[in-house]
**Q** 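Take a look at this one; I'll ask things after.
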Number of protein chains: 2
Amino acid sequence: MGSKSIGKTDVEKLYTITELTREFGISTRTLRFYEDEGLVHPERRGRTRLFRHSDRRIIQNILRGRRIGFTIAEIREIILAYKDPPGESGQLTLMLRRVTEKRDELKQKRKDIEDTITELDLIEEQCLTRLAEIGVGT
Amino acid sequence: MGSKSIGKTDVEKLYTITELTREFGISTRTLRFYEDEGLVHPERRGRTRLFRHSDRRIIQNILRGRRIGFTIAEIREIILAYKDPPGESGQLTLMLRRVTEKRDELKQKRKDIEDTITELDLIEEQCLTRLAEIGVGT
DNA sequence: CATTCTATTGACCTTAACGTAAAAGTCAAT
DNA sequence: ATTGACTTTTACGTTAAGGTCAATAGAATG
């Protein structure tokens with residue numbers, strides 16, 4: 001009801017494709033690809049695409065998923081699950097299993113990352129030690 | 001000097017390729033690929049490959065790197081950095097920069113993972129709520 | 001020795017996620 | 001009306017990390 005309500009009468013800011021490519025450091029090809037994949041749904045003014053805030057948020061989600069190694073299919077699955085969780089009981093329990101699966105996978109990944117960070121720390125230490133030796137020797 | 005010393009006289013256990021594929025759930029093609037890439041260096045008895053403990057450990061490292069989305073090139077880089085850190089000062093500071101880069105990348109990834117886990121928790125909650133509603137309704 | 005596994009090499013094949021190039025349309029500014 | 005920046009569609013190209021298949025070679029076991 002206030003000035004922050006999002007109704008049909010609001011003038012929502014629309015983004016052009018290059019605005020978004022610049023903001024996120026991706027190519028136009030990538031955004032068109034995501035549209036082909038049904039992940040974003042920009043309006044059209046003539047033929048040109050105009051992206052909404054919701055698309056922008058979805059893109060952020062896609063990029064996050066991409067960073068942690070999810071495929072487009074997996075990312076789509078999560079986005080859909082978030083948007084409209086299934087109504088039928090069987091589908092719901094199935095989704096619960098999938099969620100548990102994914103979460104376990106992510107926890108393993110987190111552990112792998114932490115172990116690798118530790119290893120990098122070790123490498124760093126070795127480098128610093130060597131550098132100190134060399135520094136002393138010269 | 002004790003029975004745990006690893007000297008030339010030790011009888012080290014050697015692994016055949018299928019032993020390793022079974023242990024790690026990967027294919028022989030994958031192991032040969034890793035050899036072509038210079039990551040493992042099995043001995044040969046005739047033409048058959050025989051892997052040592054060190055190779056086995058390297059394979060574990062490769063798989064860990066793979067899980068967190070590293071490319072073979074990146075994995076190789078880390079393995080080499082661990083095996084023989086460079087001796088020259090310039091190379092050392094360069095490597096220190098690369099280490100910092102990688103670590104930052106991993107920290108971002110860890111954050112992404114944690115955010116995604118939170119999102120999965122939310123989806124799970126929604127599913128459980130819906131299930132409870134349905135359960136009540138029937 | 002014959003059979004039966006298992007391994008090896010070499011070659012081409014596959015998939016995801018875009019890259020890249022071509023040809024053409026849009027629109028504001030000069 | 002031309003330039004220049006941006007956009008579109010179409011379509012073939014690329015890369016990493018193996019998959020798959022065929023032909024061959026050892027190794028082991030009855």
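Here is the naming used below: chain letters follow the sequence lines, and residue numbers restart at 1 for every chain.
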**Q** From D:dT8, D:dG19, C:dG19, pick the nucleotide closest to the side chain of B:T30?
**A**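 Ranking D:dT8, D:dG19, C:dG19 by closest atom to the B:T30 side chain puts D:dG19 first.
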
**Q** With respect to the side chain of B:I72, which nucleotide from D:dT8, C:dA16, D:dG18 is positioned closest?
**A**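 For B:I72, the side-chain atoms sit closest to D:dG18.
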
**Q** Consider the side chain of A:R66, meaning its heavy atoms from C-beta on, and name the nucleotide among C:dC18, C:dT9, D:dG18 that approaches it most closely.
**A**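 Among C:dC18, C:dT9, D:dG18, the one nearest the side chain of A:R66 is C:dC18.
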
**Q** Grab the CZ-C1' distance between B:R32 and C:dT9 for me, whole Å please.
**A**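 So the CZ-C1' distance, B:R32 to C:dT9, works out to 8 Å.
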
**Q** Touch check for B:R45, heavy atoms < 4.0 angstrom, all strands: base, sugar-phosphate only, or nothing?
**A**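 No contact.
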
**Q** Which comes earlier along DNA chain C counting from the 5' end, the contact point of A:I62 or that of A:R47, where each point is its nearest nucleotide?
**A**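 On the 5' side of the pair lies A:I62.
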
**Q** Grab the CG-C1' distance between A:D36 and C:dA16 for me, whole Å please.
**A**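 So the CG-C1' distance, A:D36 to C:dA16, works out to 14 Å.
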
**Q** Could you tell me whether B:R49 contacts a base, only the sugar-phosphate backbone, or nothing, with contacts defined as non-hydrogen atoms closer than 4.0 Å?
**A**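 Sugar-phosphate only.
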
**Q** Base, sugar-phosphate, or nothing: which does A:T16 touch, judged by heavy atoms less than 4.0 Å apart?
**A**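 Sugar-phosphate, no base atom in range.
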
**Q** So B:S27, base contact, sugar-phosphate only, or nothing? Heavy-atom distance under 4.0 Å.
**A**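 Contact class for B:S27: sugar-phosphate only.
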
**Q** How long is the line joining CD of B:E35 and C1' of D:dA17, in whole Å?
**A**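 Interatomic distance, CD of B:E35 to C1' of D:dA17: 16 Å.
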
**Q** Find the distance between CZ (A:R45) and OG1 (A:T16) and round it off to the nearest 0.5 Å.
**A**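 The CZ atom of A:R45 sits 9.5 Å away from the OG1 atom of A:T16.
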
**Q** Rounded to whole Å, please give me the gap between CZ in B:R44 and P in D:dG26.
**A**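 Value for this atom pair: 13 Å.
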
**Q** Under 4.0 Å between a side-chain N/O of A:T28 and OP1 or OP2 of D:dC6, yes or no?
**A**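 Result: no.
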
**Q** Is it the case that A:Q108 and A:D104 place a side-chain donor and acceptor less than 3.5 Å from each other?
**A**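 No donor-acceptor contact under 3.5 Å links the two side chains.
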
**Q** With a cut-off of less than 4.0 Å, is there a side-chain N or O of A:T18 near OP1 or OP2 of D:dT7?
**A**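 Yes, such a contact exists.
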
**Q** What is the separation between atom CG on B:L31 and atom C1' on D:dG19, rounded to the nearest whole Å?
**A**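 After rounding, the reported distance stands at 14 Å.
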
**Q** Count the heavy atoms of every other residue, nucleotide or ligand shown that sit under 6.0 Å from CZ of B:R22, and state whether that count exceeds 12.
**A**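 12 or below, so no.
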
**Q** Regarding A:R22, tell me which of base, sugar-phosphate or nothing describes its non-hydrogen contacts under 4.0 Å with the strands shown.
**A**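 Sugar-phosphate contact only - A:R22 comes under 4.0 Å of backbone atoms but never of a base.
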
**Q** If you compare every side-chain N and O of A:Y34 against the phosphate oxygens of C:dA17 (OP1, OP2), does one of them come in below 4.0 Å?
**A**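 No, outside the criterion.
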
**Q** Whole angstrom is fine here: how far is it from CZ in A:F33 over to P in D:dT9?
**A**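 Going from A:F33 (CZ) to D:dT9 (P), I get 16 Å.
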
**Q** Rounded at 0.5 Å granularity, tell me how far CD in A:E105 sits from CZ in A:F70.
**A**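 Separation between the atoms: 6.0 Å.
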
**Q** Do NZ/NE/NH1/NH2 and the carboxylate oxygens of A:E119 and B:R64 come within less than 4.0 Å?
**A**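 Answer for the salt bridge query: yes.
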
**Q** Measure distances between side-chain N and O atoms of B:R29 and base N and O atoms of D:dT20, and say whether any donor-acceptor pair falls under 3.5 Å.
**A**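 A donor-acceptor contact between them is present.
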
**Q** Could you give the CD-to-C1' distance, from A:E19 to D:dT7, as a whole number of Å?
**A**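 Whole-Å distance recorded here is 14 Å.
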
**Q** Between atom CD1 in A:I26 and atom P in C:dC18, what is the gap in whole Å?
**A**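 About 9 Å, once rounded to whole Å.
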
**Q** State whether B:F51 and B:K13 meet the cation-pi test: NZ (Lys) or CZ (Arg) under 6.0 Å from the six-membered ring centroid, and within 45° of the perpendicular axis.
**A**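 Pair B:K13/B:F51 does not count as cation-pi.
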
